[in-house]
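Sequential numbering from 1 along the given sequence is applied to the chain's residues. Fair warning: this is a prediction, and the values are worked out from it, not measured in the lab.
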Amino acid sequence: MYKFLIIGLLILCSISAAQAANGRLIAPGHRLHVHNTRTAEGDREMEKSLSYYAVRQGKAAFGLEASKEFPVELRTYYHLLMLESFLQQAGLQFSRSFDLTPAGVRKALVDKLGVSFMNNRVFLPLDDVRPAINYLPMPRGALASAVTTKPIMAVLPCTDGEKGCYCVHYGNRRMTRITPEWREMDESLSGIRVLTDGREIDIPFGHVLRVSRNLRVLPANGYRVNAIGFGGSKRDESNISLTRKDFDPRFSVDRQGCLYRIEVYRGQRFSGMFLVRFAPAASSGRRVATSRTHKDRLPDSPGPESQMGF
């Protein structure tokens, strides 16, 4: 008798969660339904599920599904509607920092995507990152301590046959591939002084500097500067006026050809880097990927470990 009461209660909770989602449908055809999978009753496929494990441990289990034909933000929107209903029914308090709408979910998904290494001596914004970042200087072992801006992100060894490469994943989507250039580290410097748009400032490593017109990295005794993608031929590119047109967009961090790495070395040791984000050119005459703006981009390459979607 007690068992049937518990089952009935769980079904009622599921019905309430489905009603909460169905009350805020984006389109009438999106209606959600409750289905009892009878997880513990011998279905061989269900025995492979996390729900089956939970039930065998005496825990309630719910499976929430939305069509894989929906875009990421719409699936997430319906999942969150149901999850919040379960939390409210359980009397749990919670908060979120975005509007529960498909647009609000999308904004939360793409907001401030990034990864840092070596206590932020290297930082990569990922909101519009290129599919590959090559020859990124760092010491061996640095990738194991990578810090991402979202807990659903991770840096893992690539599984596509390229040895020594690492992939940044967002869920089961691959955002970019990093090919490291292994270097010994120099930690005697935390940043460098620059002249940008007529202002002289100190820029710490791991920061992004916005530049409207030009940038000049001021010389520091014993250190050299390498502006990745700059068309010059000098070994040390400090004290040189750098403008967007001087850079080859193939070497940009972003797809728009605006974001470039400025690396600092002491001899052969890597000290750190900052990024310079040039203002977009109204008409540069160069072809760069502009199919979607960086504010609207989600990772678009499925990871090899799953074909389930984002």
Side-chain angles (χ1 to χ4, degrees), residues 2-26 30-98 100 102 105-106 108-110 113 144 146-160 167-175 298-310:
Y2 179 75
K3 175 182 176 182
F4 291 109
L5 286 174
I6 295 297
I7 293 173
L9 179 61
L10 295 179
I11 292 175
L12 287 175
C13 290
S14 300
I15 291 173
S16 295
Q19 289 175 340
N22 289 333
R24 297 178 61 179
L25 296 177
I26 302 303
H30 293 177
R31 188 169 185 81
L32 290 99
H33 304 274
V34 175
H35 173 61
N36 184 358
T37 59
R38 304 187 182 279
T39 299
E41 297 182 15
D43 187 299
R44 296 299 296 272
E45 287 302 311
M46 289 305 302
E47 289 178 6
K48 303 174 185 178
S49 69
L50 183 60
S51 297
Y52 180 80
Y53 176 80
V55 169
R56 296 289 290 180
Q57 302 302 313
K59 307 295 183 182
F62 303 90
L64 308 180
E65 294 188 4
S67 173
K68 296 180 179 65
E69 300 299 317
F70 291 167
V72 174
E73 65 271 19
L74 189 55
R75 293 203 304 273
T76 307
Y77 165 72
Y78 286 131
H79 285 156
L80 288 177
L81 284 174
M82 291 184 282
L83 280 172
E84 290 194 0
S85 173
F86 281 124
L87 292 175
Q88 289 167 351
Q89 292 178 68
L92 298 176
Q93 294 184 343
F94 60 91
S95 63
R96 49 180 155 76
S97 59
F98 56 91
L100 189 47
V105 169
R106 170 172 282 276
L109 286 171
V110 301
L113 299 181
V147 178
T148 60
T149 55
K150 295 184 184 294
I152 197 174
M153 296 169 61
V155 181
L156 304 170
C158 293
T159 58
D160 56 6
C167 293
V168 182
H169 291 265
Y170 190 142
N172 73 326
R173 289 266 164 167
R174 188 172 76 183
M175 302 190 73
L298 285 168
D300 51 15
S301 178
E305 75 282 7
S306 174
Q307 299 299 321
M308 293 175 61
F310 183 72

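For the atom pair CD (Gln19) and OG (Ser14), the distance works out to 11.0 Å, reported to the nearest 0.5 Å. Atom OH in Tyr77 sits 4.0 Å away from atom CD1 in Ile26 (nearest 0.5 Å). Note that CZ of Arg106 is 10.0 Å distant from OG1 of Thr76, once rounded to the nearest 0.5 Å. The structure places NE2 of His169 at 11.0 Å from CE of Met175, a figure rounded to the nearest 0.5 Å. Taking CG from Leu32 and CD1 from Ile15, the interatomic distance works out to 13.5 Å, rounded to the nearest 0.5 Å.
Here the side chain of Ser16 pairs a donor or acceptor atom with the backbone of Leu12 at under 3.5 angstrom.
Residues passing the ring-ring contact (aromatic ring centres under 6.0 Å, His included) test with His30, sequence neighbours excluded: Phe70, Tyr78.
Contact annotation: the side chain of Tyr170 approaches that of Leu109 to within less than 4.5 Å [non-hydrogen atoms, C-beta and beyond]. Using a 4.5 Å heavy-atom cutoff, the side chains of Arg173 and Val72 are not in contact.
Of all heavy-atom pairs between Glu84 and Arg96, the closest is OE2-NE, 2.5 Å. Between Ala146 and Val155, the shortest heavy-atom contact is CB-CG2, 3.7 Å. The two residues Phe86 and Cys13 come nearest to each other via the heavy atoms CE2-O, 3.7 Å. Listed here is the closest heavy atom pair of Arg174 and Cys167: CD-SG, 3.3 Å.
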Inset, instruction - Test side chain to side chain contact (heavy atoms under 4.5 Å, CB included) on Phe94 and Leu83 and set out the steps. - result: CA-CA 11 Å; Phe94 60 91; Leu83 280 172; over 6 Å; no

